[in-house]
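Take a look at the structure set out below.
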There are 2 protein chains.
Amino acid sequence: MTIPIRVIIVDDQAMVRAGFAALLSAQSDIDVVGEAPDGRQGVEVSRSAHPDVVLMDVRMPEMDGLAAARELLDPPAGVVHRPKVLMLTTFDVDDYVYEALRAGASGFLLKDAPPADLISAVRVVAAGEALLAPSVTRRLIADFARQRPAPRKDPSLRLNGLTPRETEVLELIARGLSNQEIAGRLVLAEQTVKTHIGRILAKLGLRDRAQAVIFAYESGLVSPGS
Amino acid sequence: MTIPIRVIIVDDQAMVRAGFAALLSAQSDIDVVGEAPDGRQGVEVSRSAHPDVVLMDVRMPEMDGLAAARELLDPPAGVVHRPKVLMLTTFDVDDYVYEALRAGASGFLLKDAPPADLISAVRVVAAGEALLAPSVTRRLIADFARQRPAPRKDPSLRLNGLTPRETEVLELIARGLSNQEIAGRLVLAEQTVKTHIGRILAKLGLRDRAQAVIFAYESGLVSPGS
DNA sequence: CCCGACGTCATACCCAGGTACGACACGCCG
DNA sequence: CGGCGTGTCGTACCTGGGTATGACGTCGGG
């Protein structure tokens, strides 16, 4: 650590700011180079003091921490300085967490965490890594696991009834191709495509290609964005 | 902490096991109640020693940590014991991390982490929370942010052209309803539904309802599982 | 007050898509 | 060998869905 980590503290409670500042300043590798009582001023201070890390409270008057974080992490044209943002909150509220992470925050800590945690969090974040409160981590993992429990297991499961060729056709349906286009792509007669589709719909208990598209998405055969 | 946290250590290197055991046993609130040199034996030991937390190395002979974790976290019928699993690895490899989290692991640490981290990780995990190595956290957050940059912004963005009523119709299309069913649901003449659909397709540059379904999923208007 | 956006509906037309039935070829397996 | 699953294609039929055009009522804003 040749050069210290530059930190600013944005929180509407003066006592909290003072406490954190004292705590962090006591570290030889950390400099507190600014403070602000609300999001708007926080952004300004950050722009002029160009800190490495911004400690940002979530709930604040004037401009809340979320908006301020967004402003700092996705700055308007011309602004080159992009600090790391470490969000702080008294209670952990889901929405805030997710919004902050989406905005690009590097961490999310509860204020009741041990002081040592805050200090190490600043170091971790400054190093370009990320750190979350354990309860937040748990939730994020749960969410992650829920979203993709096994992207390639569920589909093949219910897709079992379909032959490879049928699966192939189904995927093209799910891409929005017409029967004619599918026939062209697979080098088939259009009627053959119809035959396949007929069997697909029968096997899966669907009515038309629109429902087939739904099935393809719900089963994971195709996924948004892919 | 009236009753200590029961921990077992699964790692193919005896020295590592010994080191961790010594480190953890020194804590008054942690008991090391078992060890195993590979995944298969790890599962067995876990079943008999019923620990609160299983420290599991990723890379192991016989049965790797991932498979063992899956076995412990999604046990066959009849097995009631479900310990928390804390994965350990020497280097951090993406795939392993995601697989482990999907399987339901409560944490993922690098072996080069400070000893204090391991100890607190055990406590955190035992408490039902989760904890990840900072580099892993960063990656998970990045992934999270990438997956859903703003689930309710992108859609409404391109959905802008659509009127509320049209959006409503589109959603029902994406649910697989026929025009007749949509008419019934919205208390409309079938022709009105057709009119709406015609406009929807024109505005979005789509050809038929199948493509409309795709659009609904891709834009986030509807999501798999919802 | 008039116009534009929105929502509603009608009449008419056409075709892609889905259904029904049958047929033939190929490869695998009991 | 015989049968089954799979993939291929043909003919025939029917309907749901998409297109075209026009019309009417209601709002809200300029």
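Naming: A, B, ... by sequence-line order, numbering from 1 per chain. Side chains are part of it too, since the values below use all heavy atoms of this structure and drop only hydrogens, waters and symmetry mates.
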- Task: Between B:Val187 and B:Asp208, just flag the one whose closest nucleotide in DNA chain C comes earlier from the 5' side.
- Result: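 Nearer the 5' end of the strand: B:Val187.
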Is the side chain of [X] donor-acceptor paired with the backbone N or O of [Y] at a distance under 3.5 Å, no angle test?
| X | Y | result |
| --- | --- | --- |
| A:His196 | A:Lys194 | no |
| A:Gln41 | A:Asp38 | no |
| A:Arg6 | A:Gly34 | no |
| B:Arg17 | B:Asp11 | yes |

- First and last nucleotide of DNA chain C, 5' to 3', lying under 4.0 Å from heavy atoms of chain B: C:dC6 to C:dA12
- Task: Report the distance from atom CD of A:Glu190 to atom C1' of D:dT11, rounded to the nearest whole Å.
- Result: 14 Å
- Taking atom P of D:dG18 as reference, at what distance in whole Å does atom CD of B:Gln211 sit? 10 Å
- Is any side-chain N or O of B:Asn179 closer than 4.0 Å to OP1 or OP2 of D:dG17?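 So the side chain of B:Asn179 is within the cut-off, an N or O lying under 4.0 Å from OP1 or OP2 of D:dG17.
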- Salt bridge present between A:Glu168 and A:Arg185 (N-O < 4.0 angstrom): no
- Message: If you define the side chain from C-beta out and look only at heavy atoms, does anything of A:Leu204 sit under 4.5 Å from A:Gln211?
- Response: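 Result no, sub-4.5 Å side-chain heavy-atom pair not found.
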- Just how far is it from atom CG of A:Leu206 to atom CD1 of A:Ile197, taken to the nearest 0.5 Å?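 The CD1 atom of A:Ile197 is 11.5 Å from CG of A:Leu206, to the nearest 0.5 Å.
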- Query: Along nucleotides 19-30 of chain D, 5' to 3', which nucleotides get a B, which get an S, and which get a -, given that the test is a protein heavy-atom distance under 4.0 Å?
  - Reply: SB----------
Expected list for residues 124-132 of chain A: side-chain donor-acceptor pairs under 3.5 angstrom, two or more places apart:
from	atom 1	to	atom 2	distance (Å)
A:Glu129	OE1	B:Arg138	NE	2.8

